[in-house]
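Just so it is clear: chains get the letters A, B, ... in the order the sequence lines come, proteins before strands, and each one is counted from 1.
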Amino acid sequence: MNDIRVRFAPSPTGYFHIGSARTALYNWLYARGRGGKFILRIEDTDEARSTVPSVRSIIKGLKFMGIKWDEGPLIVKNEKGEDEITSVGPCGPYFQAQRRNFYTQAVDTLLSAKRAYRCFCSHEELAAERKSQLESKGRVGYSGKCRDLSHAQISQLMAEGREPVIRFRVEEGRTVSFHDGIRGDISVRSDEIGDFVIMRSGGLPIYNFACVVDDHMMKISDVIRGEDHISNTPKQIMLYEALGWEVPRFTHLTMILDIDGSRLSKRSGARSLLEYADEGFIREAIVNYLALLGWATKDSRNIFSPDELEREFSLSRCGQSAAVFDNDKLLWLNAQHIKNLSGADIRRRASAVIKEAGMDKYPEERLTAAIEMEKEKIKKLTEIPEKIGFLFDSDFEDDADVKSRAADTVRIVAKLAKALESAEPFSGEKIEEKVRAFAKAEDIKTKDIFHPLRWALSGRSKGPSLFHMCAFLGKDEALQRIGGYIGRYGGSGGE
RNA sequence: GGCGCAUUCGUCUAACGGUUAGGACGCCGCCCUCUCAAGGCGGUAGUACGAGUUCGAUUCUCGUAUGCGCUACCA
């Protein structure tokens with residue numbers, strides 16, 4: 001046992017994207033590797049943007065990746081059998097919107113210690129202030145106008161119905177430093193930071209504040225999050241100090257960029273994690289790829305199972321520069337992992353695409369066998385119907401190159417069909433033996449009969465190993481397909 | 001504008017200050033082969049720029065450039 005506790009704290013606004021997925025994964029891998037706890041917390045203090053569907057997609061996405069949280073939100077069935085979102089764990093609730101009293105308490109502490117104050121400035125005043133600061137090319141930040149309002153002034157403004165925000169009083173002239181788990185020592189002068197808002201006029205906390213309160217109350221030992229939070233860290237550290245709380249360790253992960261180097265956008269990388277799942281990427285590949293996006297072993301090894309990642313992963317081996325999301329490599333990894341699965345496993349995972357293609361009417365064993373035969377060609381689960389469909393349905397259209405070359409082969413194929421009738425049992429081995437013997441007897445190159453047979457059987461010039469395919473179809477079906485081929489291209493010449 | 005963080009093949013990355021700068025994806029070629037794949041072998045391509053420290057910098061320091069982030073009653 002130890003006291004390693006990490007958390008993944010997404011805000012439920014929009015879909016669960018790749019960057020978040022990686023942050024969650026790294027937190028989880030770190031916890032698993034160190035025997036720590038992984039906590040899921042939903043940062044829904046932005047009432048306007050937070051949505052329940054988004055919470056669901058986060059939960060679904062984490063589950064897809066095989067990430068399990070020790071504490072956090074849970075979807076359970078209520079008495080009526082409907083889904084209901086609750087939380088499990090000793091430090092709950094795990095939704096910030098349900099933790100308002102904790103934030104209020106902490107604000108009161110800060111207020112009475114004069115480390116925070118009420119600010120009545122309007123948006124307009126603030127905007128004007130910012131504008132003039134920008135023009136004078138200096139620091140941009142709150143001027144501290146309301147820092148020393150008297151009780152009388154405050155009462156007066158309150159009486160007027162003005163609702164203040166709460167600002168944190170930043171100490172002047174000091175340097176805030178911390179040791180980042182990936183980047184090392186980072187320090188910033190407090191003078192660069194203006195008194196920032198910690199609570200909105202409506203009484204809801206601002207991220208930097210809620211985050212500190214929660215991380216402390218949830219006993220988080222390591223805060224592992226995106227690089228975009230580096231600049232927030234000094235503010236948070238000042239809050240920890242003002243509240244008299246122990247500061248956790250911080251580690252900032254690099255950003256994930258789009259192929260053109262910009263921030264990940266819809267175009268190439270930044271779709272929802274779930275879209276990748278729907279597109280036929282499997283858990284192992286996504287986890288593997290995400291792990292590699294910002295982390296590497298000393299030997300730059302590529303293929304890792306989730307279990308291996310749990311053992312091998314370490315924050316200290318994470319890189320410090322942004323990574324570009326590369327679909328090609330993800331696709332390659334997906335093919336690698338699919339290849340290592342059994343046909344039955346692939347079939348099970350592809351059940352949705354199989355069903356959608358209307359192929360669920362075929363026996364599972366047949367589907368499994370077909371997939372087994374073709375699995376090293378499957379890059380994505382969604383490719384399965386096109387890869388094996390013709391094995392089940394003989395009503396296919398011949399490929400163009402088959403059409404153009406078929407006519408010359410009809411005579412020899414018809415002759416081969418007769419030879420095949422006596423193949424018993426109709427196994428791959430037996431068929432191969434028959435076909436090779438046939439070629440020898442006819443004094444033709446094996447290729448000149450192999451290819452035509454393939455065309456007759458499948459209507460395409462690429463596909464599974466010929467004899468396995470033939471055996472898979474079975475004698476009746478194979479002969480029938482050959483008959484159809486002869487019918488289509490036989491013309492007047494016939495036999 | 002200010003501050004912060006970053007910068008090795010197109011991409012992901014490896015390299016106690018001393019390596020012909022390694023691996024992987026992609027691309028190209030060859031081999032294997034009943035096709036397509038898979039696999040094997042080989043090739044392509046990189047230390048942003050400029051100083052400094054050092055016998056020696058990808059590696060340490062500084063500057064420049066570029067990118068990204070924060071500078072919100074977003075997270």
May I ask which nucleotide in the shown strands pairs with [N], Watson-Crick or G-U wobble, both distances under 3.5 Å?
N     : result
B:U20 : none
B:U8  : none
B:G1  : B:U71
B:G63 : B:C49
B:A14 : none
B:G29 : B:C41
B:U54 : none

Quick one: which of [options] gets closest to the side chain of [X]?
X      : options            : answer
A:E376 : B:C74, B:A37, B:G4 : B:A37
A:K462 : B:G69, B:C5, B:U35 : B:U35
A:S321 : B:A75, B:U7, B:C34 : B:U7
A:E192 : B:C68, B:A15, B:G2 : B:G2
A:N232 : B:G4, B:A75, B:C74 : B:A75

Side-chain donor/acceptor contact of A:K447 with base of B:C34 under 3.5 Å:
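Result: no qualifying N/O pair found.
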So is the aromatic ring of A:H451 stacked onto the base of B:C34, judging by whether the centres are under 5.5 Å apart and the planes are under 30° apart?
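A:H451 ring does not meet the centre or angle cut-off for B:C34; no stack.
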Cation-aromatic face contact A:R167/A:Y142, 6.0 Å, 45 degrees:
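Yes, cation above the ring, under 6.0 Å and within 45°.
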Quick one: do the [X] and [Y] side chains pair a donor with an acceptor below 3.5 Å?
X      : Y      : answer
A:H229 : A:Y207 : yes
A:S394 : A:R481 : no
A:N208 : A:Q236 : yes

Does A:K131 NZ have over 12 foreign heavy atoms under 6.0 Å away?
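No, the 6.0 Å shell around NZ holds no more than 12 heavy atoms from other groups.
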More than 12 foreign heavy atoms under 6.0 Å from CD of A:E442: is that the case here?
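Result for CD/A:E442: enclosed.
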Examine B:C36: is either OP1 or OP2 under 4.0 Å from a nitrogen or oxygen in the side chain of A:S461? Give yes or no.
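No, because none of the side-chain N or O atoms of A:S461 sits under 4.0 Å from OP1 or OP2 of B:C36.
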Do A:R301 and A:E308 meet the salt-bridge criterion of a basic N to acidic O distance under 4.0 Å?
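The answer is yes: the pair qualifies as a salt bridge.
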Please encode protein proximity along nucleotides 18-33 of chain B as a string of B, S and -, counting only heavy-atom distances under 4.0 Å.
----BBBSS-------
